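So the structure is just underneath, and the comments pick up after that.
The figures here come from the full heavy-atom set of this structure, side chains too, leaving out hydrogens, waters and symmetry mates. Please read these numbers as outputs of a predicted model, since none were measured by experiment.
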Amino acid sequence: MMESNFLKQLFQQEFTKIVAVISKGFGLQYIEIAEDIVSETFLLATESWQTKGLPPNPTAWLYTVAKQKTLSHFRRNKIFEDKVIPEIHQKQIAVDHSDEFSFTQENIKDSQLKMLFAICTPAIASEAQIGLALRILCGFGIEEIAEAFLSNKETINKRLFRAKEKLRTEKIQLELPSEKEIVQRLDNVLHIIYLLFNEGYYSKTQNQILRKDLCIEALRLALMLSAYEKTNVPKTHALIALICFHSSRFDARQSTDGEFILYEQQNEKLWNQELINQGVYFLNQSADGDQLTSYHIEAKIAQCHCTKADTAEKWGEILQLYDRLLLVNYSPGAVLNRTFALYKAKGAKRALVEANKLNLSDNHFYFALLGELYKDIDRQKAIANFQRAQALAKNSLEQETIQRKIDML
């Protein structure tokens with residue numbers, strides 16, 4: 001019997017690749033057909049593998065079946081002969097479509113890179129671009145996308161439908177745009193990867209806080225950009241550095257039984273020094289040029305957290321970095337993190353003055369922070385705020401972590 005989460009993990013890893021290759025091979029206007037074919041392939045895999053057992057190479061099995069289903073669909077519906085082949089001739093592309101429609105690692109990378117930039121066309125609204133990319137390139141479910149946008153499934157479904165209609169009506173091609181357009185679209189591409197990493201690093205939709213598969217996928221996509229000359233630029237390097245620094249502490253963030261471990265309780269020996277070194281390399285690379293992005297500042301903050309020393313100097317540097325970040329990219333999360341850095345650098349009373357100015361009544365991180373600030377000042381207020389945070393938290397592991405904070409008071 002298969003492990004319960006094996007097929008889900010495989011779906012997360014391969015769904016995006018197969019959709020990208022099919023879309024590259026037959027045209028972006030058939031992206032919904034590609035999604036349906038991949039879903040049918042995974043349904044068949046579930047039925048077949050449950051009874052016959054796993055094949056020697058499950059990924060190769062998926063690629064073979066998906067290719068067979070795709071060719072069968074297009075030929076059965078005469079789309080291949082009536083529409084695809086004439087378009088291929090018109091573009092003076094080789095008639096032998098089998099090379100274009102292959103699942104080599106090189107073709108998968110090329111397909112996904114082109115898909116990233118095709119989706120980020122100005123013809124599609126920014127939020128729809130990100131939602132579509134999270135669905136098609138990152139394998140997010142509709143519920144996960146709704147959480148990322150603080151929206152609902154119905155709204156996201158409508159948004160994605162309109163975005164796919166735009167791909168068809170505007171006849172968007174799955175090809176790399178001009179150098180000027182690449183520069184213009186890169187910010188959205190980087191933001192998509194950033195959102196993907198954030199969902200993995202602190203998941204809002206699963207009963208697990210850390211989803212390494214999504215974080216690894218984000219790093220893979222970012223490194224893919226760095227391998228292409230036109231997108232191998234400082235802000236890409238800064239995002240890679242940010243991902244590397246945070247990823248270095250994966251093994252220390254969770255116990256063997258899945259319990260979430262807070263930063264101050266982590267075993268520094270479990271931090272991945274190779275990833276930290278890679279982060280330092282890319283952070284140094286990001287210093288070229290004169291552009292300062294939020295990724296640069298967040299990467300530097302993440303690097304500070306790769307030093308376990310709990311000193312006022314360290315937290316003073318982090319505080320200054322958050323002050324700069326808020327000028328570049330203001331967000332409630334950054335404000336809360338700045339307030340925590342102020343607490344560590346200047347004490348709870350100073351931080352409480354700032355925290356009480358905030359109006360984040362629906363944010364469980366805010367009440368968790370208040371609980372932390374009050375714990376040595378007013379025990380009852382600390383408990384009340386932790387309980388409010390626990391009630392607002394959606395993730396069961398977060399609720400358990402907050403309960404441990406309450407139990408310690």
>> Tell me which one of W271, Y263, Y201 satisfies ring-ring contact (aromatic ring centres under 6.0 Å, His included) with H246.
In response: Y201

> Who pairs with R220 by side-chain hydrogen bond (donor to acceptor under 3.5 Å, both in side chains), at least two apart in sequence or on another chain?
Replying inline: Q112, E217

Is there a side-chain contact between [X] and [Y] (heavy atoms, below 4.5 Å)?
X	Y	result
L225	I193	yes
H237	L283	no
T236	L186	yes
K69	V38	no
T121	E170	no
I276	N272	no
M115	L174	yes
F117	T231	yes

> When you look at CD of E264, are more than 12 heavy atoms from neighbouring residues, nucleotides or ligands closer to it than 6.0 Å?
Replying inline: yes

>> side-chain hydrogen bond (donor to acceptor under 3.5 Å, both in side chains) for E354 and Y343? Distances and angles first, verdict last.
In response: CA-CA 10 Å; E354 297 299 319; Y343 156 56; over 6 Å; no

> Passes side-chain contact (heavy atoms from CB on, under 4.5 Å), L292 versus R324? Steps please.
Replying inline: CA-CA 10 Å; L292 179 70; R324 296 180 70 185; 3.3 Å; yes

>> Treating T169 as the side-chain partner and E165 as the backbone partner, does any N or O pair qualify as donor plus acceptor under 3.5 Å?
In response: yes

> Taking Y366 for the side chain and N359 for the main chain, is one N or O donor matched with an acceptor at less than 3.5 Å?
Replying inline: no

Distance check, rounded to the nearest 0.5 Å: [X] atom [atom1] versus [Y] atom [atom2]?
X	Y	atom1	atom2	result
Y322	N337	OH	CG	3.5 Å
N385	K405	CG	NZ	13.0 Å
T41	E14	OG1	CD	12.0 Å
Q303	C244	CD	SG	11.5 Å
S111	I22	OG	CD1	10.0 Å
Q29	Q173	CD	CD	7.0 Å

> Which heavy-atom pair separates S226 from I240 by the least distance, and what is that distance?
Replying inline: CB-CD1, 3.7 Å

> What heavy-atom pair brings A163 and L132 nearest, and what distance separates the two atoms?
Replying inline: CB-CD2, 4.0 Å

> Should H191 and D187 be marked as a side-chain contact (heavy atoms from CB on, under 4.5 Å) after you check the CA-CA gap, both sets of side-chain angles, and the distance that decides it?
Replying inline: CA-CA 6 Å; H191 187 52; D187 283 340; over 6 Å; no

>> According to salt bridge (Lys or Arg N to Asp or Glu O under 4.0 Å), who are the partners of R249, at least two apart in sequence or on a separate chain?
In response: none

> Is the closest side-chain donor-acceptor distance between T104 and N107 under 3.5 Å?
Replying inline: no

>> Please tell me whether F340 and W315 form a close aromatic pair, meaning their ring centres lie under 6.0 Å apart.
In response: yes

> Taking the six-membered ring for Trp, are the ring centroids of Y194 and F197 within less than 6.0 Å of each other?
Replying inline: no

>> Which residue is it: N188, I136, V189? I am looking for the one with a side-chain contact (heavy atoms from CB on, under 4.5 Å) to I119.
In response: I136

> Given the rule in the side-chain contact (heavy atoms from CB on, under 4.5 Å) test, do I172 and K166 qualify, once you have shown the distances and angles that lead to the verdict?
Replying inline: CA-CA 8 Å; I172 305 299; K166 275 289 185 182; over 6 Å; no

> L239 and T293: side-chain contact (heavy atoms from CB on, under 4.5 Å), yes or no, with the steps?
Replying inline: CA-CA 9 Å; L239 179 57; T293 68; over 6 Å; no

> Could you give all pairs that pass the salt bridge (Lys or Arg N to Asp or Glu O under 4.0 Å) test and reach residues 296-316, with sequence neighbours left out?
Replying inline: D310-K344

